Amino acid sequence: MADEDNGVLNATFCATLVDEWVRNGLTDAVVCPGSRSTPMAVALVTDGRVRVRVHVHHDERSGSFMALGLARATGRAAMVLSTSGTAAVEFHPAVVEAELDRVPLLVVTADRPPRLRGIGAPQTIDQVDLYGSAVRLSVDAPVPSSSNRSSWRALAKRTWWATAGADPGPVHCNLPFDEPLIGVPSELPPLDDSEHFVVDLGDPFADPGPLPECGLIIAGSGIDDVGAVLLLAETLGWPILADPRSGCRVSHRCVIAHGDTLLRANGAQRDVELIIRFGALPASKVIGEWVGASSATHVHVDPTAAVNDPSRSVTHRIRQTAGMYARSVIELADGVASSAWLERWRQADDAVEESLVSALAAATSITEPGVARNVVAAVPAGGTLVVSSSMPIRDVEWFSSRRDGLTVVSNRGANGIDGVVSTAVGVALSGIPTALLIGDVAFLHDTNGLLGLDARGVDLCIVVVDNDGGGIFSFLPQASALEPAQFEQLFGTPHGVDLAMLAHAHGLPVLEASDDLTVGLAVEASLATGGVHIVLARSDRTDNVALHDELHQTGIAAAVAAGWTTA
């Protein structure tokens, strides 16, 4: 094929892929600038037959997490595009997170044609199967030619449904382009609807067996029908330990918000005979260890192929949606035999909540648990809270109250702290008022997520808990096992960065809060006003550990007084 035809072929090939992806549901694409990816970038913005929102990001790692955030918020696969070379490598952390947390992500990397690979051509690395087993599908497409144009639409459909199908996750589409890279597309190949892709709803219902009086529901992320899960709990008279990401942590009498504290005391959990768990385990190590040690029958329900059983305690694994399974069990239930089981959990949980309110009301400065509670309470109904891994997600799980109208998002697939700012930006780009609760180290890890943020037209309030280092390590054995200087050097890692100055460098307004209540008021004001704002909440790592211990002990005492434990 003559060089002058390559531009037309490249343009037509990319226009066809985009056309087919849009027909199947693509609405958003994140483009990271580069030369070799020109044909696809141009197709995304110039094809009048499609409507794709294109978001440009200078940094590939941040851009890929922004696409991840968009996919989380919309429930649809988002595309992220890079040029060839190490730019494609920068996508790998987001690909891993998408794989482990079942997020649909269409990863498109431009490449040199095969004739230029392995001979020292500039900006060329081995991109074939670049992400290994972390993708649902990896395709190294042929160089566009008139001889393979009949396969272009099938390629688009195959990659789309591999990422957005019954077991969602990332798909890698490596596209080699020969020069010239710019051209005008010719007529696209005709539509072909002969190949239909069916989404598998999972295995048929499996009877869990006799339903005991003393059962427990654990609600993790990935629940499709919150109402059905709540109705199941009410029908059975069972408590729900509701992870913030589950959507079930609402104002309902069956919902238990402070399971982490309750399970620190030897109470009603001893009597649990059957656990029905939907989705992933909560972040709480206490809950995870109790589940692993419990002798109760453990039913794990998840619509994907995910195996979420680190303690190997699952006795029944069921691939089905939460809504379908809950409704099937409800049909078998005879009703609540006694309200005493649920009331024991309800009274203890309410007692812990009252103890938290009382203890934190006495604080005169910033507390990390108080910040978490106030941020959760401050996001308006219909809004989304993105929570960083490390301490923020734990503080939200341990200490926040039940509330309605809030969606909580967190990158808990790989539990990493990379790309958190960009994930929140992606969520906000969906049009949802968004708050981000993040620690200072995670914030610094993704400062490129702030690039061009003020011009993206999003409503986003970023709350940064700044304790000048890695606060979570102060809770681990390293804190007492090492000399203070060694601990600070290797784990405390004070950075000394003025985060306010850093935010101002990106043109973003900053409020430095003086107490927990101010943080909540700032979030409310920010999301009511619109735009991007940063709230800094400075805390002390040593004081934070002591406060956590105090809150747990106070909560345990309150639960015991409310009848949580029995002789």
Side-chain angles (χ1 to χ4, degrees), residues 241 244 249 256-269 282-290 345 347-378 387-403 437 439-440 463 465-482 484 487-488 491-492 513-520 537-565:
L241 298 187
R249 201 180 176 98
I256 305 301
H258 304 300
D260 179 272
T261 296
L262 295 180
L263 267 58
R264 291 171 188 258
N266 196 13
Q269 73 269 28
S284 167
K285 184 177 180 179
V286 171
I287 294 177
E289 289 180 343
W290 171 76
W345 287 81
Q347 291 171 12
D349 191 56
D350 289 343
V352 175
E353 173 68 16
E354 291 175 9
S355 76
L356 290 173
V357 172
S358 177
L360 291 172
T364 57
S365 60
I366 292 289
T367 71
E368 296 185 25
V371 167
R373 282 179 62 87
N374 278 276
V375 171
V376 166
V387 188
S388 180
S389 286
S390 204
M391 285 309 298
I393 188 62
R394 289 168 173 82
D395 284 337
V396 168
E397 182 181 349
W398 296 345
F399 302 119
S400 68
S401 299
R402 299 174 298 162
R403 62 152 292 181
L437 179 60
D440 51 331
V463 178
V465 177
D466 183 7
N467 53 36
D468 194 25
I472 193 170
F473 295 109
S474 297
F475 290 83
L476 301 181
Q478 294 92 317
S480 57
L482 298 175
F487 176 79
E488 282 296 285
F491 298 99
S514 58
D515 54 46
D516 300 341
L517 181 59
T518 303
V519 174
R538 303 187 191 278
S539 67
D540 180 89
R541 283 185 266 127
T542 301
D543 292 346
N544 185 47
V545 173
L547 177 63
H548 277 72
D549 289 342
E550 176 189 337
L551 293 178
H552 286 313
Q553 293 306 313
T554 302
I556 291 170
V560 170
W564 176 244
T565 58

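Everything numeric here is computed off the predicted structure, so don't read it as measured data.
Across all non-hydrogen atoms, the minimal contact from Gly520 to Ala378 is O-CB, 3.3 Å. Here the shortest heavy-atom pairing between Ser474 and Arg541 reads OG-CB, 4.0 Å. Trp345 approaches Ala268 most closely through the heavy-atom pair NE1-CB, 3.8 Å. Shortest non-hydrogen contact noted between Asp516 and Ser365 is OD1-O, 3.9 Å. Between Glu397 and Pro282, the shortest heavy-atom distance links the atoms OE2-CB, 3.1 Å. Closest approach of Ala351 and Ala562 over heavy atoms only: CB-CB, 3.8 Å.
Judged by a 6.0 Å distance limit and a 45° cone about the ring axis, Arg264 is positioned over the six-membered ring of Trp398.
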Self-check item: From CA spacing to verdict: side-chain hydrogen bond (donor to acceptor under 3.5 Å, both in side chains), Ser539, Asn544
Solution: CA-CA 7 Å; Ser539 67; Asn544 185 47; 5.8 Å; no

Exercise. Please test Val519 against Ile366 for side chain to side chain contact (heavy atoms under 4.5 Å, CB included), starting from the C-alpha separation and ending with a verdict.
Key: CA-CA 9 Å; Val519 174; Ile366 292 289; 4.0 Å; yes

Practice problem: Dump the intermediate steps for side chain to side chain contact (heavy atoms under 4.5 Å, CB included) on Val371 and Asp395, then the final yes or no. | Solution: CA-CA 9 Å; Val371 167; Asp395 284 337; over 6 Å; no

Quiz prompt | From CA spacing to verdict: side-chain hydrogen bond (donor to acceptor under 3.5 Å, both in side chains), Arg373, Ser401 | solution = CA-CA 7 Å; Arg373 282 179 62 87; Ser401 299; 3.2 Å; yes

Practice problem: For the pair Arg403 and Arg249, evaluate side chain to side chain contact (heavy atoms under 4.5 Å, CB included) and give the outcome as yes or no after the intermediate values. | Solution: CA-CA 7 Å; Arg403 62 152 292 181; Arg249 201 180 176 98; over 6 Å; no

Practice problem: Check the pair Trp564, Ile556 against side chain to side chain contact (heavy atoms under 4.5 Å, CB included), reporting the backbone distance first and the verdict last. | Solution: CA-CA 9 Å; Trp564 176 244; Ile556 291 170; over 6 Å; no

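Applying the salt bridge (charged side-chain N to carboxylate O under 4.0 Å, His left out) rule to Asp466 yields the partners Arg538; only residues at least two apart in sequence or on another chain are considered.
The shortest side-chain heavy-atom distance between Arg394 and Asp260 does not fall under the 4.5 Å cut-off.
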N/O donor-acceptor pairs under 3.5 Å from side chains in residues 354-363, not counting sequence neighbours:
from, atom 1, to, atom 2, distance (Å)
Ser355, OG, Val352, O, 2.6

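Separating the CD1 atom in Ile287 from the OG1 atom in Thr261 is a distance of 9.0 Å, to the nearest 0.5 Å. In this structure, CD1 in Ile256 is found 4.0 Å from CG in Asp349, a value given to the nearest 0.5 Å. Note that the CZ atom of Phe473 and the CG atom of Leu482 stand 12.0 Å from one another [nearest 0.5 Å].
Here the side chain of Ser480 pairs a donor or acceptor atom with the backbone of Pro477 at under 3.5 angstrom. No donor-acceptor pair under 3.5 Å is formed between the side chain of Asp515 and the backbone N or O of Thr364.
Aromatic ring pairs are classed by plane angle as parallel below 30°, tilted from 30° to 60° and perpendicular above 60°; the pair Phe399 and His548 is perpendicular.
Of the residues Asp440, Ile472, Asp543, the one that meets the side chain to side chain contact (heavy atoms under 4.5 Å, CB included) test with Asn467 is Asp440.
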